[in-house]
Q: 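This is the structure I have questions about; it appears just below.
Computed from a prediction, not measured in an experiment: that's the story for all the values here.
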Amino acid sequence: MHRARSLPVKDEFTGHVEHHLAQLGTPVFEHCALAHFACHGISELTDPSQSKLRLQDHAETPLTVSALSRADLAHAQLAYLSACRTAHPGNPRLLGEAIHLTSAFQLAGCTHVIGTMWTIDDRLAADVAESFYTHLADGPTGTPDPARAATALHRTVKDTRDRFPATPSLWAGYLHSGA
């Protein structure tokens, strides 16, 4: 079994994000140390606050930058956004504003966020995530340590670059945001 697939899972979240925001004041993943989203990301050029992750209930209750602005993710240590354009600023007039999903997770309190600046290859994204989580658990305890997120992504991107040196579009778009 691959290490990325064997990480311990305490809770599974498949409900309506906005419903939980309304009921609890914060998303269900408020108490999770690590959240991994493997879905589609949409960067809204005309209104970056409406950029969203396309989760199961996206048509009724999308998880948008605006919704995240009301969240308190102070307990979240790592959010991995395996979706296209989650760190894309959207409107060229707002390049200096950094209004996107990656920054929204960080502003909501998540210490480390992995995002993407452009469209990513779905098949390779699974390999990148597996490599990332393997490197995340490279420490002395062998368990995932979110504090190693920047190093884990760096090693993963380097490994992917070594596999595809002539195609930076496959590896250069991954971004770590955090402290």
Q: With rounding to the nearest 0.5 angstrom, report the OG1 to CD1 distance, Thr64 to Ile42.
A: 11.5 Å
Q: For the atom pair SG (Cys84) and CZ (Arg54), what is the distance rounded to the nearest 0.5 Å?
A: 11.5 Å
Q: Group every Ile, Leu, Val, Met, Phe, Trp and Tyr by side-chain heavy-atom contacts under 4.5 Å, then state whether Ile114 and Leu175 land in the same group.
A: no
Q: Once you round to the nearest 0.5 Å, how far does NE2 of His40 lie from OG1 of Thr119?
A: 11.0 Å
Q: With no hydrogens and no angle check, just 3.5 Å: does a side-chain donor-acceptor pair link Thr143 and Thr141?
A: yes
Q: Answer whether the closest heavy-atom distance between the side chains of Asp138 and Thr151 falls below 4.5 Å.
A: no
Q: Run the side-chain contact (heavy atoms from CB on, under 4.5 Å) check on Gln106 and Leu68 step by step: do they pass?
A: CA-CA 10 Å; Gln106 190 172 23; Leu68 284 163; over 6 Å; no
Q: Closer than 3.5 angstrom, by distance alone: can the side chain of Ser177 be matched with the main-chain N or O of Thr102 as a donor-acceptor pair?
A: no
Q: Are the aromatic rings of Phe132 and Tyr174 close, with centres under 6.0 Å apart?
A: no
Q: State, to 0.1 Å, how close Leu53 and Ala83 come at their nearest heavy-atom pair, and which atoms those are.
A: CD2-CB, 3.9 Å
Q: Output yes when Arg163 and Asp159 qualify as a salt bridge under the 4.0 Å nitrogen-oxygen rule, no when they do not.
A: no
Q: Show, in sequence, the C-alpha distance, side-chain angles and deciding distance for Leu136 and Leu34, and conclude whether the side-chain contact (heavy atoms from CB on, under 4.5 Å) test is met.
A: CA-CA 12 Å; Leu136 197 67; Leu34 188 151; 4.3 Å; yes
Q: For the backbone of Ala179 and the side chain of His112, can you confirm whether one donor and one acceptor N or O come within less than 3.5 Å of each other?
A: yes
Q: Any chain of hydrophobic side-chain contacts (each under 4.5 Å) joining Leu107 to Leu73?
A: no
Q: Arg123 and Asp127: salt bridge (charged side-chain N to carboxylate O under 4.0 Å, His left out), yes or no, with the steps?
A: CA-CA 7 Å; Arg123 290 174 299 210; Asp127 293 343; over 6 Å; no
Q: Quick one: are Glu44 and Ile99 in side-chain contact, heavy atoms under 4.5 Å?
A: no
Q: Of all heavy-atom pairs between Ala104 and Val65, which one has the smallest distance, and what is that distance?
A: CB-CG1, 3.9 Å
Q: Test side-chain contact (heavy atoms from CB on, under 4.5 Å) on His100 and Leu81; report intermediate values, then the result.
A: CA-CA 12 Å; His100 47 68; Leu81 310 180; over 6 Å; no
Q: Of all the heavy-atom pairs spanning Lys52 and Pro62, show the shortest one and how long it is.
A: CD-CB, 3.8 Å
Q: Can you find a heavy atom in the side chain of His135 that is under 4.5 Å from one in the side chain of Arg148?
A: no
Q: Which heavy atom of Ser43 sits nearest a heavy atom of Ser51, and at what distance?
A: CA-OG, 3.5 Å
Q: Are Val157 and Phe164 linked, directly or through other ILVMFWY residues, by side chains that come within less than 4.5 angstrom of each other?
A: yes
Q: State, with a plain yes or no, whether a side-chain heavy atom of Leu55 is found less than 4.5 Å away from one of Phe37.
A: yes
Q: What is the distance from atom SG of Cys110 to atom NE2 of His75, rounded to the nearest 0.5 Å?
A: 12.5 Å
Q: Looking at every non-hydrogen atom in both residues, tell me the closest pair between Ser131 and Thr156 and how far apart they are.
A: OG-OG1, 3.2 Å
Q: Partners of Asp121 by side-chain hydrogen bond (donor to acceptor under 3.5 Å, both in side chains), sequence neighbours excluded?
A: none
Q: Under 30°, 30 to 60°, or over 60°: which ring-plane class applies to His36 and Tyr80, parallel, tilted or perpendicular?
A: parallel
